[in-house]
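As C-alpha cells, the structure follows; a few thoughts come after it.
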Amino acid sequence: VEGLSGGRTAHLAKVHHCMVDGLSGVELLAALLDLDPKPRAPRRRRREAPPRPDPFSLFTDALFDRMIEQLRTNERLALALFDPLSPLKGAAAIVRALAAAGRYVAVPAPRTPWNMPLTGPRKLAWQQLRFDEVHAVAEALGGTIKDTVLTALADALGRYLRQRAERTAGLTLRVLTPVNLRHDGEETSLGNRVSFMLVGLPADEGDPIERFKTIRGEVTSLKETGQAAGLDVLAATLGMMPAPVHSILGRTLTMPNTLANLVCTNVPGPLVPLYCMGHRMVAHY
C-alpha cells in the first residue's frame, strides 16, 4: 500500500485464523523482514506454476487424506488401550474447563452497545502505551502484562458505557482471551495452537488497584483449573468426529454469540529494529 504520509509504505496481510494464530503470524512476519537495513540481495529463482490438478487427482488425494486421518484416530485409540487413564484424564480436563466457565455459560453475556449485528462501515480507534511503563506497573502490582491490559480495558469499557448513560453498577463484562498452548520445542511452529479463557471484567470498580487484584485473581484461578487446556481437549475430541457429524452439529448448534462481549489478545512483537527492503518497520498492528 503506497503513497502514505511521510513517504511510508504499508504491507497488509490477510489470513484465516484456522491456519495462523498470533505467534505463528509473528513468525511469518519475521520471515519477510531483515535485521540489517542493507541485506544481501536474494537470488532470483524462476518458478513455473504447477499445473492445476484434475478432478480425479483431487478425489484420490481426498481419499488418501481421509485414510491417513483414520490411521491417526486408530493410533490414538490404541494408545488409549495401553493407558486406560488417558481418556479419563481428558474427560476430567473437559469437565473442569466447563465448570470454570459454567457461571458464564448458564447466563447470557450482558447486552452492550457494541454487541449488535454488523452494518455498514466500521470505525477503528487505538491508544499507544509504552511497553516499559506497562511492564513496570505489572511488576509493581505482582501480576502480568495481560492482567494490566485487562485492568485498563475494564476501566475504558466502564467509562464508555457510563458516557452513554448505560448502567454499570454490578456489571461484569466478559472477554475471551486466547491462550498459547505450544509445548517446549514448538515455539516457532506455524499453524493455530491456541485455546481461550473466559474472563470477567468488573465495569463498576473505580479503584484501579482493586480492579487489578480482582482480574489477576480470576485469571490465576482459570489457569490453575486448566480451563484453556480443557477446552482444547474438547475441541480435539470434536475434531475426531466424522465430517457428516460436523455438518449436523453445524446446522443444529448455529446460534447468536451469548458467551462473551469481546475478544482481547496480546501478541509479543519484535524487540529489535526490523527492516523490509532497506526500510525500517515503524509500526506493527
Side-chain angles (χ1 to χ4, degrees), residues 17 21-23 25 97 100-180 194-225 227-228 231 255-269 283-285:
H17 212 319
D21 60 27
L23 289 179
R103 59 196 175 103
Y104 292 146
V105 174
V107 180
R111 296 179 63 86
T112 64
W114 53 82
N115 292 127
M116 62 181 67
L118 298 179
T119 57
R122 316 305 297 170
K123 291 183 178 180
L124 176 66
W126 65 86
Q127 175 68 44
Q128 291 178 310
L129 303 174
R130 289 185 57 86
F131 179 80
D132 54 356
E133 294 179 357
V134 177
H135 185 263
V137 171
E139 277 202 331
L141 297 181
T144 65
I145 297 293
K146 177 178 287 187
D147 298 333
T148 309
V149 171
L150 291 176
T151 300
L153 180 63
D155 179 48
L157 296 176
R159 286 188 289 110
Y160 178 85
L161 291 174
R162 287 187 289 275
Q163 288 174 2
R164 295 176 59 95
E166 298 279 348
R167 183 174 177 272
T168 59
L171 179 65
T172 299
L173 300 170
R174 302 182 198 169
V175 56
L176 287 176
T177 62
V179 178
N180 177 34
V194 295
S195 182
F196 63 87
M197 294 190 304
L198 186 58
V199 183
L201 302 184
D204 61 342
E205 178 56 70
D207 187 332
I209 305 297
E210 291 301 318
R211 190 185 325 120
F212 182 93
K213 291 179 179 178
T214 299
I215 292 174
R216 181 189 59 189
E218 179 162 3
V219 171
T220 302
S221 176
L222 292 175
K223 290 178 180 178
E224 291 174 350
T225 58
Q227 185 188 77
L231 294 175
M255 62 183 69
N257 166 39
T258 60
L259 193 63
N261 295 112
L262 68 159
V263 176
C264 177
T265 181
N266 62 314
V267 179
H284 174 213
Y285 304 100

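Count residues from 1 along the sequence. This structure is a prediction, so every number in the text was calculated from the model and none was measured.
- In this structure the side chain of Tyr160 never reaches within 4.5 angstrom of the side chain of Thr112, judged on heavy atoms.
- For the pair Arg174/Val199, no side-chain contact is recorded, criterion being any heavy-atom separation below 4.5 Å from C-beta on.
- In this structure the side chain of Leu176 never reaches within 4.5 angstrom of the side chain of Pro178, judged on heavy atoms.
- A distance of 12.5 Å separates CD1 in Ile215 from NZ in Lys146, rounded to the nearest 0.5 Å.
- The nearest pair of heavy atoms linking Ala154 to Pro202 is CB-O, 3.8 Å.
- Side-chain contact check for Arg211 and Thr151: no donor-acceptor pair (N or O, by modelled atom type) lies under 3.5 Å.
- Here the straight-line distance linking atom CZ of Arg162 with atom OG1 of Thr168 works out to 4.0 Å at 0.5 Å rounding.
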Working for side-chain contact (heavy atoms from CB on, under 4.5 Å), residues Leu171 and Leu161: CA-CA 10 Å; Leu171 179 65; Leu161 291 174; 3.6 Å; yes
Pair Val175-Asn261, side-chain contact (heavy atoms from CB on, under 4.5 Å): steps then yes or no: CA-CA 6 Å; Val175 56; Asn261 295 112; over 6 Å; no
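- Residue Leu153 holds its CG atom at 8.5 Å from CG of Leu173, rounded to the nearest 0.5 Å.
- In this structure, the side chains of Asp147 and Val219 come closer than 4.5 Å at one or more pairs of heavy atoms.
- Taking OH from Tyr285 and CD from Gln128, the interatomic distance works out to 4.5 Å, rounded to the nearest 0.5 Å.
- Under a 4.0 Å N-O distance rule, the pair Asp155/Arg159 qualifies as a salt bridge.
- Residue pairs satisfying the salt bridge (Lys or Arg N to Asp or Glu O under 4.0 Å) criterion with at least one member in residues 125-139, sequence neighbours excluded, are listed as follows: Arg130-Asp132.
- Put simply, the side chain of Leu150 reaches to within 4.5 Å of the side chain of Thr177, judged on heavy atoms.
- For the residue pair Ala260 and Leu198, the shortest heavy atom distance occurs at CB-CD1, 4.0 Å.
- A donor-acceptor pair is defined here as one N or O able to donate and one able to accept, closer than 3.5 Å; such a pair exists between the side chain of Glu218 and the backbone of Gly200.
- Under the 4.5 Å side-chain criterion, counting only non-hydrogen atoms from C-beta, Phe131 is in contact with Ile145.
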Trp114/Leu157 under side-chain contact (heavy atoms from CB on, under 4.5 Å): CA gap, chis, key distance, verdict: CA-CA 10 Å; Trp114 53 82; Leu157 296 176; 3.8 Å; yes
